[in-house]
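Residue numbers count from 1 along this sequence.
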Amino acid sequence: MKSKNVFWGIILISIGLLFVLRNFGYIHFGWYSLRQLWPVILVLLGISLLPINGTVRVVLAFVVVGFSIWFLAGKDSQQYGGNNWRDFFRHDHRQGLYHDPDAQNEVMEDFDQSLTQGYQAGIRNAVLDLDAMAGEFIIEGLSDDLLNFEREGNFGSYNLNSNSAEGVVVLKLTMKQRIRRMDNFHNKAKISLHPDPLWDFKIDAGAAKIDFDLTLFKVDNVDIDGGASQINLKLGNRHSLSRLSIDAGATDVTIRVPISSGCQVKTDSFLSNKSLDGFEKNEKGIYLTENFDTAAERIEISIDAAVSNLKIIRY
């Protein structure tokens, strides 16, 4: 067995145990703090590539992971009012609450929220800028409005801001509060859109589950910046060229593309599992479908991820 496989196996087990301890309430950290540690993935990847003894490589990796845990514990214990590890572990996790430094001093109860942006004739392009953060976000179905946002949960409420100029509308969905619920939080949003404009999507996925069925829309660009996310996308062929870019950490990505569309995939990332049925790798390291040069519609995909599962399905 290759030493690099052993190395990554141990690291993934360690990270998995960290989340198990968190879920059972033995340690506590917030997603905001966790997102600040995404460069640790690059450090671990760099260690795995060093031409050194496998045992030394594993020891270095454990030091990095240990320091990261210490950082999370020390940072969040101060936010809980504690001064040391004992105070950190004694935090009343039964409340299931975590507050960012800027958080309001209140507990969010379950509530529903509905936001709508009306459609006007003459809108050619629309941009959806979504602060997903955590929870589940679904795009499905059409709307007579430009955007309809239906959300349920206890994770804070959203603001919808709109700016328009010369047929272009930018919609920005951001959270009002900075409250984080550690345990038993739920945040689920369903989004429906008008089919006529050419759409751009800018998504800050954080630690969210993204489930977008975009087959009914004309898609120009999809730009997803994620941390530890689950991303499911289904693209259609209503536009001649659609571009998809994913910049993520530990992410599970499934992308469905029409078999009639020519598709290319560029990735120089470390991928723990990759399934690209129907694609061939050319001399430049780019994965292409056999009809990429002849298809009337094309899809260009760029993946920049550290430890991820990537599956692209042609339907």
Side-chain angles (χ1 to χ4, degrees), residues 31-32 34-36 38 41 113 115 117 125-141 143 146-151 153 155-163 168-176 178 180 186-195 197-236 238-239 242-257 265-267 269 299-306 308-312:
W31 289 116
Y32 180 78
L34 184 62
R35 290 178 64 202
Q36 291 180 307
W38 69 264
I41 297 174
Q113 184 181 17
L115 298 172
Q117 178 68 36
N125 299 80
V127 179
L128 176 58
D129 188 345
L130 173 62
D131 180 11
M133 295 300 292
E136 182 177 4
F137 296 81
I138 301 169
I139 291 182
E140 59 180 7
S143 175
L146 183 61
L147 174 142
N148 186 263
F149 179 84
E150 301 287 340
R151 176 213 163 271
F155 201 61
S157 57
Y158 275 81
N159 271 334
L160 173 60
N161 294 315
S162 173
N163 293 293
V168 180
V169 178
V170 178
L171 305 173
K172 190 172 182 64
L173 277 164
T174 56
M175 291 194 72
K176 293 181 182 179
R178 298 290 295 174
R180 301 289 182 267
H186 61 281
N187 185 45
K188 184 174 183 179
K190 292 186 177 181
I191 303 170
S192 54
L193 305 169
H194 199 283
L198 180 61
W199 281 95
D200 277 52
F201 300 90
K202 298 179 180 180
I203 313 298
D204 185 355
K209 178 180 179 182
I210 303 297
D211 191 355
F212 289 178
D213 184 349
L214 302 177
T215 54
L216 300 176
F217 308 102
K218 292 178 285 187
V219 177
D220 190 17
N221 292 284
V222 181
D223 188 351
I224 299 179
D225 185 1
S229 311
Q230 181 178 346
I231 299 172
N232 296 294
L233 299 174
K234 187 175 183 180
L235 302 174
R238 293 199 60 210
H239 188 51
S242 298
R243 294 184 174 92
L244 168 61
S245 175
I246 298 177
D247 185 353
T251 306
D252 186 0
V253 180
T254 301
I255 303 169
R256 290 172 171 84
V257 298
V265 179
K266 295 180 179 180
T267 178
S269 304
I299 297 174
E300 297 179 355
I301 300 173
S302 175
I303 306 289
D304 185 3
S308 300
N309 292 320
L310 172 63
K311 179 184 292 185
I312 300 181

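Counting heavy atoms from C-beta outward, V169 and N125 have side chains that stay 4.5 Å or more apart. Side-chain contact between V170 and L128: absent, with no pair of heavy atoms (C-beta onward) separated by less than 4.5 Å. Within the 4.5 Å cutoff, no side-chain heavy atoms of N309 are placed close to those of V253. You'll find the side chain of I139 reaches within 4.5 Å of the side chain of L193, heavy atoms only. Side chains of K266 and I301 form no contact here, defined as non-hydrogen atoms less than 4.5 Å apart.
Between R243 and E300 there is a salt bridge, since a side-chain N of the basic residue sits under 4.0 Å from a carboxylate O of the acidic one.
At least one donor-acceptor pair closer than 3.5 Å links the side chain of S242 to the backbone N or O of V219. Under a 3.5 Å cut-off, the side chain of R238 and the backbone N or O of L216 do form a donor-acceptor pair. Remark: side-chain polar atoms of N161 are not paired, donor with acceptor, to backbone N or O of L173 under 3.5 angstrom. Side chain of D213 to backbone of T215: a donor-acceptor contact under 3.5 angstrom is found. The main-chain N or O of D131 is found under 3.5 Å from a side-chain atom of Y158 such that the two form a donor-acceptor pair.
The CG atom of L147 sits 9.5 Å away from atom OG of S162, with the distance rounded to the nearest 0.5 Å. The line from CG of D129 to CG of L160 is 11.0 Å long, rounded to the nearest 0.5 Å. A distance of 10.0 Å separates CD1 in I312 from CG in L233, rounded to the nearest 0.5 Å. Atom CD1 in I231 sits 8.0 Å away from atom CD1 in I255 (nearest 0.5 Å). Atom CZ in R151 sits 9.5 Å away from atom CG in L115 (nearest 0.5 Å). Expressed to the nearest 0.5 Å, how far CD1 of I191 lies from CD1 of I138 amounts to 9.5 Å.
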TODO: Take F137 and N187 through the side chain to side chain contact (heavy atoms under 4.5 Å, CB included) test and state the conclusion after the steps.
DONE: CA-CA 8 Å; F137 296 81; N187 185 45; 3.6 Å; yes
Open item on the list: Let's go through D304 and T267 carefully: what are the C-alpha distance in whole Å and the side-chain angles of both, what is the deciding distance for side chain to side chain contact (heavy atoms under 4.5 Å, CB included) to 0.1 Å, and is it a yes or a no?
Closed with: CA-CA 6 Å; D304 185 3; T267 178; over 6 Å; no
Open item on the list: The test is side chain to side chain contact (heavy atoms under 4.5 Å, CB included); show your working for D204 and L130 and say whether it passes.
Closed with: CA-CA 6 Å; D204 185 355; L130 173 62; over 6 Å; no
TODO: Evaluate side chain to side chain contact (heavy atoms under 4.5 Å, CB included) for L171 paired with V127, printing each intermediate quantity in order.
DONE: CA-CA 6 Å; L171 305 173; V127 179; over 6 Å; no
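Environment of NZ in K190: sparse, with no more than 12 heavy atoms of neighbouring residues, nucleotides or ligands closer than 6.0 Å. Heavy-atom contacts from other residues, nucleotides or ligands closer than 6.0 Å to CZ of R256 number 12 or fewer.
Applying the ring-ring contact (aromatic ring centres under 6.0 Å, His included) criterion to F201, with sequence neighbours excluded, gives W199. Residues passing the ring-ring contact (aromatic ring centres under 6.0 Å, His included) test with H194, sequence neighbours excluded: Y119. With sequence neighbours left out, K209 forms a side-chain contact (heavy atoms from CB on, under 4.5 Å) with E136, Q230, N232.
Here the shortest heavy-atom pairing between F149 and A189 reads CE1-CB, 3.6 Å. Across all non-hydrogen atoms, the minimal contact from E140 to S192 is O-CB, 3.8 Å.
Tested against S245, the residues D223, I303, V222 include a single side chain to side chain contact (heavy atoms under 4.5 Å, CB included) partner, D223.
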